[in-house]
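One structure is given here, and the rest of the page talks about it.
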Amino acid sequence: MAEPATATQAAAPAVPQLKDELDIVIPTIRNLDFLEMWRPFFQPYHLIIVQDGDPSKTIKVPDGFDYELYNRNDINRILGPKASCISFKDSACRCFGYMVSKKKYIFTIDDDCFVAKDPSGKAINALEQHIKNLLSPSTPFFFNTLYDPFRDGADFVRGYPFSLREGVPTAVSHGLWLNIPDYDAPTQLVKPLERNTRFVDAVLTIPKGTLFPMCGMNLAFDRELIGPAMYFGLMGDGQPIGRYDDMWAGWCTKVICDHLGLGIKTGLPYIYHSKASNPFVNLRKEYKGIFWQEEIIPFFQQTVLPKDCTSVQKCYIELAKQVKENLSKVDPYFDKLAEAMVTWIEAWDELNPTGSSVTNGKAK
């Protein structure tokens with residue numbers, strides 16, 4: 001069975017890449033002792049910690065880390081009435097960290113995720129691999145059978161159109177997990193002992209027109225290219241659904257990336273996911289989503305954004321309009337969610353008045 005690396009096995013890179021251009025966002029309800037294992041890799045970077053749950057509880061962060069910590073009181077103070085769009089008692093609160101960041105790139109990770117080892121036993125610097133993914137182009141318009149052609153030792157195969165070999169900017173890097181897989185509650189219940197020990201040494205671009213289930217526990221993205229689409233929805237306290245926050249963000253993001261000519265990569269890096277959540281608790285959170293997704297996914301598959309949607313914000317407002325028009329029949333929750341999507345963009349623009357816009361895959 002795969003085991004996490006130890007802190008002594010993890011060696012920091014000589015010169016941290018993007019040190020002043022990347023924030024690490026962590027949602028949590030507990031002390032962040034897990035950071036000790038990540039210290040060699042994370043310590044050079046700035047952390048944004050979003051504390052969920054009781055704001056009077058003190059969260060302890062190991063010494064030596066540069067961080068800012070926000071709790072619910074801070075969110076209410078900063079956003080005022082618009083704080084209603086940020087989920088409570090759910091890891092979806094992490095997207096507040098995306099909003100207040102002023103960096104170009106974001107890496108987000110859960111507090112039950114540890115440093116994994118590759119098949120040779122070497123500790124995996126997940127952040128370093130995410131940065132490699134984000135800084136190399138994606139190829140969503142034509143699939144390369146050697147997967148990522150921009151990786152060392154790979155290239156475009158015979159028959160790949162030369163006109164598409166430049167690729168497009170990579171907006172999202174989606175990493176995977178060893179040990180505890182990211183399963184839904186029914187799969188957890190029928191496979192309680194299953195563990196992922198299979199390390200697949202590959203990165204690939206998700207093709208245009210293809211949706212995917214995005215997991216938020218090991219994820220990086222270019223905030224300037226796609227940040228306003230990374231809204232993790234209304235989940236948790238007071239909502240009829242949970243554990244679909246990253247799924248929702250993934251579906252919205254993929255539709256917008258396809259429209260704007262941006263790419264999403266998945267595969268490496270792996271982290272070690274150490275704690276399986278309770279499948280019975282998860283089932284209570286997920287059960288409506290399990291039914292709803294059978295209508296939500298066809299909606300996203302059929303969604304077409306108008307040509308005049310030339311920025312992420314414009315795309316997202318249009319998407320909110322279509323959610324209200326097409327999914328409100330599924331449940332009144334989607335009326336509320338569509339309104340929250342608009343509120344999210346308004347709050348984003350208030351906190352980021354000079355943020356970059358994206359037109360046809362190029363930052364302006």
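Each residue takes its place number in the sequence, starting with 1. Every heavy atom of this structure was used, including side-chain atoms; hydrogens, water molecules and symmetry mates were not.
Between the side chain of Ser87 and the backbone N or O of Gly233 there is at least one donor-acceptor pair closer than 3.5 Å. Remark: side-chain polar atoms of Asp237 are not paired, donor with acceptor, to backbone N or O of Asp90 under 3.5 angstrom. A donor-acceptor pair under 3.5 Å is formed between the side chain of Thr108 and the backbone N or O of Val25. Between the side chain of Ser138 and the backbone N or O of Pro140, no donor-acceptor pair lies under 3.5 Å. Formation of a donor-acceptor pair under 3.5 Å by the Gln322 side chain with backbone atoms of Val304 is found in this model. Side-chain N or O atoms of Asn71 include none that pairs as donor or acceptor with a backbone N or O of Asp54 at under 3.5 Å. One N or O on the side chain of Asn133 and one on the backbone of Leu268 form a donor-acceptor pair closer than 3.5 Å. Thr253 places a side-chain N or O within donor-acceptor distance of the main-chain N or O of Ala249, the cut-off being under 3.5 Å. A donor-acceptor pair is defined here as one N or O able to donate and one able to accept, closer than 3.5 Å; no such pair exists between the side chain of Tyr244 and the backbone of Lys285.
Side-chain contact between Val323 and Trp248: present, with at least one pair of heavy atoms (C-beta onward) separated by less than 4.5 Å. Residues Leu69 and Gln51 have side chains in contact (heavy-atom distance under 4.5 Å, counting atoms from C-beta outward). You'll find the side chain of Phe150 reaches within 4.5 Å of the side chain of Pro137, heavy atoms only. Counting heavy atoms from C-beta outward, Met247 and Gln293 have side chains that stay 4.5 Å or more apart. Counting only heavy atoms from C-beta outward, the side chains of Asp246 and Phe232 approach each other to under 4.5 Å. Between Trp344 and Cys95, the closest side-chain pair of non-hydrogen atoms falls below 4.5 Å. With contacts defined as side-chain heavy-atom distances shorter than 4.5 Å, the pair Phe34/Asp112 does not qualify. Considering only heavy atoms from C-beta on, Leu47 comes within 4.5 Å of Leu35 through its side chain.
Separation of atoms CZ (Phe42) and CG (Leu32) is listed at 11.0 Å; rounding is to 0.5 Å. The CD atom of Glu3 sits 11.5 Å away from atom OG1 of Thr197, with the distance rounded to the nearest 0.5 Å. For the atom pair CZ (Phe156) and CG (Leu146), the distance works out to 11.0 Å, reported to the nearest 0.5 Å. In this structure, Asn326 CG and Phe300 CZ are separated by 10.5 Å, a value rounded to the nearest 0.5 Å. To the nearest 0.5 Å, atom CD1 of residue Ile109 and atom CD1 of residue Ile26 are 7.0 Å apart.
For the residue pair Asn218/His130, the side-chain donor-acceptor check at 3.5 Å is satisfied. For the residue pair Asn125 / Gln129, no side-chain donor-acceptor distance below 3.5 Å is found, with atom types taken as modelled.
There is a path of hydrophobic side-chain contacts, each under 4.5 Å, that joins Leu319 to Val342. By the criterion of side-chain heavy atoms lying less than 4.5 angstrom apart, applied directly or through intervening Ile, Leu, Val, Met, Phe, Trp or Tyr residues, Phe199 is not grouped with Leu204; the two fall into different hydrophobic clusters. Ile297 and Ile256 fall within a single hydrophobic cluster, where Ile, Leu, Val, Met, Phe, Trp and Tyr side chains are chained together by heavy-atom contacts under 4.5 Å. Put simply, Leu225 and Val168 are part of two different groups of oily side chains (I, L, V, M, F, W, Y) that touch within less than 4.5 Å, one to the next. Under the 4.5 Å side-chain heavy-atom criterion for ILVMFWY residues, a single connected hydrophobic cluster contains both Leu351 and Ile317.
Ring-plane geometry between His174 and Phe212 is classed as perpendicular, the angle between the planes exceeding 60 degrees on a 0 to 90 degree scale with a lower cut at 30. Taking the six-membered ring where the residue is Trp, Phe143 and Tyr147 present perpendicular rings, their angle passing 60° and hence far from 30°. Between Tyr333 and Trp292, the ring planes lie parallel to each other; the angle is under 30°, not in the 30° to 60° tilted range.
In this structure, Glu286 pairs ionically with Arg243, as a charged nitrogen and a carboxylate oxygen lie closer than 4.0 Å. Looking at Lys89 and Asp52, no side-chain N of the basic residue comes within less than 4.0 Å of a carboxylate O on the acidic one, giving no salt bridge. Salt bridge Asp201/Arg151: present, at least one basic N to carboxylate O contact under 4.0 Å.
Judged as a salt bridge (charged side-chain N to carboxylate O under 4.0 Å, His left out), and not counting sequence neighbours, the contacts of Arg30 are Asp111. Judged as a salt bridge (charged side-chain N to carboxylate O under 4.0 Å, His left out), and not counting sequence neighbours, the contacts of Asp258 are Lys254.
Among residue pairs with one or both ends in residues 316-330, those qualifying as salt bridge (Lys or Arg N to Asp or Glu O under 4.0 Å) are Lys324-Asp335, Lys324-Glu339; sequence neighbours excluded.
Screening Tyr105, Phe107, Tyr98 for a side-chain contact (heavy atoms from CB on, under 4.5 Å) with Phe221, the sole residue that qualifies is Tyr98. For the side chain to side chain donor-acceptor pair (under 3.5 Å) test with Arg94, the passing option among Asp245, Asp110, Thr28 is Asp110; the others fail.
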Exercise. Should Arg223 and Asp23 be marked as a side-chain contact (heavy atoms from CB on, under 4.5 Å) after you check the CA-CA gap, both sets of side-chain angles, and the distance that decides it?
Worked result: CA-CA 10 Å; Arg223 183 177 174 277; Asp23 279 334; over 6 Å; no
